[in-house]
Structure formats: structure tokens, C-alpha cells
Amino acid sequence: MKPRKVVIVGGVAGGASAAARLRRLDEDMKIILFERGEHISYANCGLPYYIGGVIKDKEDLLVQTPEGMRQRFNIDIRVMSEVLDIDAERKQVKVKNRVTGESYFESYDKLILSPGAEPVRPPIPGIEGKNIYTLRNVRDTFDIEDYIVNNDCKDAVVVGGGFIGLEMAENLCHRGLKVTIVEMADQVMAPLDYEMAAIIHKYLKTKDIELVLKDGVKAFCQKGGKTLVELQSGAKLETDLVILAIGVRPETTLAQKAGLEIGDTGGIKVNKHLQTSNPHIYAVGDAVEIVDFINGSPALIPLAGPANKQGRIAANHIWGIEDTYKATQGTSIVKLFDITAAVTGNNEKTLKKFNIPYQCVHVHSPSHATYYPGATLMAIKVLFSPDDGQLLGAQIVGYKGVDKRIDVLATAIRGRMTVYDLQELELAYAPPYSSAKDPVNMAGYVASNTLMGHHPIIQWYEIQELDKENTILLDTRTREEYSMGTIPGSINIPVDELRQNLDRLADYKDKEVVVYCRSGQRSYIATRILLQKGFNKVRNLSGGYLTWSMAN
């Protein structure tokens, strides 16, 4: 029997999506959506761009207003209404009207929790300072905007180098503020592996953003109208404004009070239908613990796309449609001025953590045909199983065409495709958009050659571990390129002269030869020559000098 009354706690992606889907399925169902704030559906990911002036009108941040949703979907929308408690036995919630202070109870047949995630505010001395902000909702956005305007802010410290931290850094720069990013890890954007993040590190310097890595905040203290940010290293930064972008944690207070099971990751534990440990209560969005698509382990991956899908799936199951949420693969992308970074699946750190065997290759490909004006290089990293070549993850950093390629690779991962399949993909080609061999195809060719033994490779971080007495580093770039910088200890034989100079390498036929060029393509040709000329231990540096130099 279908429920006649559904209560939803929280709007934005998951809750609003569930409400709209329920109404499309059932015109007569009583649907109540409680939201403790004043907005039920807003462009969460667009908030930094309002501060930067890219989005100019406040109204553009509102995906749907309470009035608009009431009129279109006939849903009882109650904003400024905070659900304080859940009585699972009586199937009712206690609600406080935040305007009048009145509290009352509301019954339900089914309940959907969509409380989201809250910004992390660690117990750092001075963290409650008036100019120290987190960015979670529209109200936070307007408060930050007003503070910048009213206090004529000239500089800012962003604590945290994740997606929100980077986007805030960019948009504060657009406002004319001098920005410093403080990140406790050795890199920004944790889903990227280090050598890919290093591209962003270098790029940030070109934008006059100061980057402080491997250092955390010890304390904040007020100094006149400024804030002094004291770091663990002892360094001190004086600033007008602090943005905390340390991360988020699932908002599980209601779930815990209701006795619902919380997973090992700290998120609300749900089954494949998004039901909690109480079958009449569902949970969706950033507050729930999901399954990682690649490693199959419980995880927290707070993203808008999965939250929307979960809202729809929960609504379907409530109404009687057999629908399940499979897993999350963490496909995400960030724009940083003119550069774009994107990821999908697992990175090396995660695969190592779960003891999943993998191989990886780096490809530096132009965004479109090089003879058509405007082509730029993009760095692509693909991770795959050494057994069957199944894709495990991908990362791309570049200026153009990154979004197109990451979506292809994300689709391939979801379809359980292999690197061999990447070779076969028939992707749209015209000189302004791609090359006849798309960068995705090229990644498939390189990875497939590696798996088949035609292209032995070495990773950038393995160079320092080589036995220098029994290894030669062979730089196959031109003499001019070699003179501008090389890996220490290398000799230079340009690839086009290699066949005529094999005698120079005669003493290394039974020793290890590590070959590299700028990106790995010319050195691949050199690798094939050497392997067929009797050199037994030849490896090509994956990603070439570009990857090695960025990482080092």
C-alpha cells in the first residue's frame, strides 16, 4: 500500500529532487518539506561565483523558490522550520518554527532525511572571530559579500585547498583581493595524485596566489581590524578575511537522536533503496554513507549529482518502483581561472589503501588538432587493472576539452570498460574539437601497449630509486630542449639520431635503460627501437619530462 503522507527534512539537491519526483508520481499524496533556512533549492556549487561577481544577480542562485515549488508541485513547503527530533515509534517529527518560536508535531507515513553536510570548524583558538567564515548556503554567501564590501577587504586567507577552497581563492582574486591558500597536506585537491596536483601548484603562482603546503592553522587572533593567522610552523599571516574550506562532515544529529544506524565513515547507513535501519525512514545526499564504485567500500562522497539521483530513487521506492542506488565513483571537476582539473574513479592513494593492483599511464595530448589555432596541452592520467585492463580511475588537468574527456572516461568506468575499449571508441572529430585519434583513444593505446608488453614504463617517483651504477638515463629530446633542463645524470641522443648512435649505448645492453622525452611519445619510439636492437631492460618514463619536472 502506497503511503499517503511523506515528510522531507531538508531541501537543496536530495530533498527537493525527492519532493518533485513524488509529486510527479502521485498527484494526491500529501508532501511536506521542512527547511530550517529560508531557501529550499539553490545553486550550492555556484555560491563562490556570486562572491567573485561572475554571477551578478542574487536571484540567479535560487534554483526554485518556495512559492514557485508550491505553485508548480502543490507541495507544502515550510521554510525557517527546523526539525528537532524524530519519534520513529509514533512516526512523527517535532518541528520548531524559527520565526515564531512555536514547536509542534507532524506525523508521516514515510520520512526522507536530506540534512546535507556541515563545514568542518575544528576547535582552533579564535575560530569564532567575526571575519572567519565558512560557505555552506546562500546566507553565508551574502554575509561574506557584505563583509568584503563594508570592510574594504584587501586580502584573504583560504584554509583548505579542496574544491571549495580553490573556487573561493579564484573568486576572491576576481574581487581584487590578495589570496593565500593554507593546506595541511602536501598538495591541493586531494582526489588528484600528487604529480597532477603539482600542475595546479605551478599555475597558482602565475595568478599571484600564495600557496602554503604542509602547514596547518594553530590559532587565530584579532589585531585591530585584522586577523592574525598563526600556523603550526610558527609563520604568521595577517589578513582582512578568512574562509574556512577544511572540508565537510555529514549532518547526522537527527539520525542519531532517532537511533538510526551510523556507518563507520560517520554517514547515515542506508541500503540500496536508500532506506535507513528504520525501513520507514530514508536518507539521501551528503549525509549518507555510500559504496565506492571502484573499491566497493563504504565512503563519503558529497556531490550534487549523486544527491539528486538518490532523491529520485528514494521517491521511486517509496511509491513502489523497484529502484536502487548502485554506487558513487566521485566524478568531479573544478575550474580555476583558465585551467580545469577533473577526476573520476579512484586515484593511486586510494587503490594502495585498499590493496587493489593497478597500473597507470600519463599522456600529454593537445585539446584539438595542432594545425588548427588555439590547441593547448592537457595532462591525462589513466589507472587500470594489470590483469584485464579494466579502468579504475582517471585524472585530467588542462585548459580546453577537459570536461569532454573526463565525461567519456567516467562513462567508460561506469560501463566497466577496459583500456582496450578506449582504443575502439568512435568520438566526434573535427579540427576545432579534437584529433583523429582523440586524447581518450591515445590513453587507450598507451595503456594497451603497456599491458601487452610492447611499452614497458617507469613512473616519475621511481626515478630516484634507480641503481645509478647500473642504469642510464637517455634523453631523446632535441639538443636545444636538453640544454634547457634535464633529469640529472642523463645523456642526450635525439630520437631521430638514435639508430646511428646505438654504439654509444653498447655497454648498457644488459643494464637498465630509462628513456624519456618531453611527453613520452618520442621516447616510446626510442623504446621500441632499443627493444628490437637487443636491449633487454628498457623502460619509458610515463608522461616524460613534463610529468617528472612538474612533480619535482
Could you list the donor-acceptor pairs under 3.5 angstrom formed between side-chain atoms of residues 543-551 and any protein atom two or more places apart in sequence or on another chain?
residue : atom : partner : partner atom : Å
Y545    : OH   : T486    : N            : 3.4
T547    : OG1  : H364    : NE2          : 2.9
T547    : OG1  : G543    : O            : 3.3
S549    : OG   : Y545    : O            : 2.7
S549    : OG   : L546    : O            : 3.1

Using atom types as modelled, flag every donor-acceptor pair under 3.5 Å from a side chain in residues 198-207 to any protein atom, sequence neighbours excluded.
residue : atom : partner : partner atom : Å
H201    : NE2  : V188    : N            : 3.2
Y203    : OH   : D338    : N            : 2.9
T206    : OG1  : Y203    : O            : 2.5

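For the residue pair S297/D292, the side-chain donor-acceptor check at 3.5 Å is not satisfied. No donor-acceptor contact under 3.5 angstrom links the side chains of S434 and H368, judged on distance only. Side-chain contact, N540 with H455: a donor N or O sits under 3.5 Å from an acceptor N or O. D467 and N470 are linked by a side-chain donor-acceptor pair at a separation below 3.5 angstrom, with hydrogens and angles left out of the test.
Note: H174 and Y49 fail the aromatic proximity criterion, with ring centroids not under 6.0 Å apart.
Both cation-pi conditions hold for K437 and Y445: the charged atom is under 6.0 angstrom from the six-membered ring centre and inside a 45 degree cone around its axis. Both tests hold for R416 against F293: distance to the six-membered ring centre under 6.0 Å, angle to the ring axis within 45°.
No option in Q329, Q395, R414 other than Q329 meets the side-chain contact (heavy atoms from CB on, under 4.5 Å) test with T344.
Between R249 and E118 there is a salt bridge, since at least one side-chain N of the basic residue sits less than 4.0 Å from a carboxylate O of the acidic one.
With sequence neighbours excluded, the residues forming a side-chain hydrogen bond (donor to acceptor under 3.5 Å, both in side chains) with N536 are D510, listed by chain and number.
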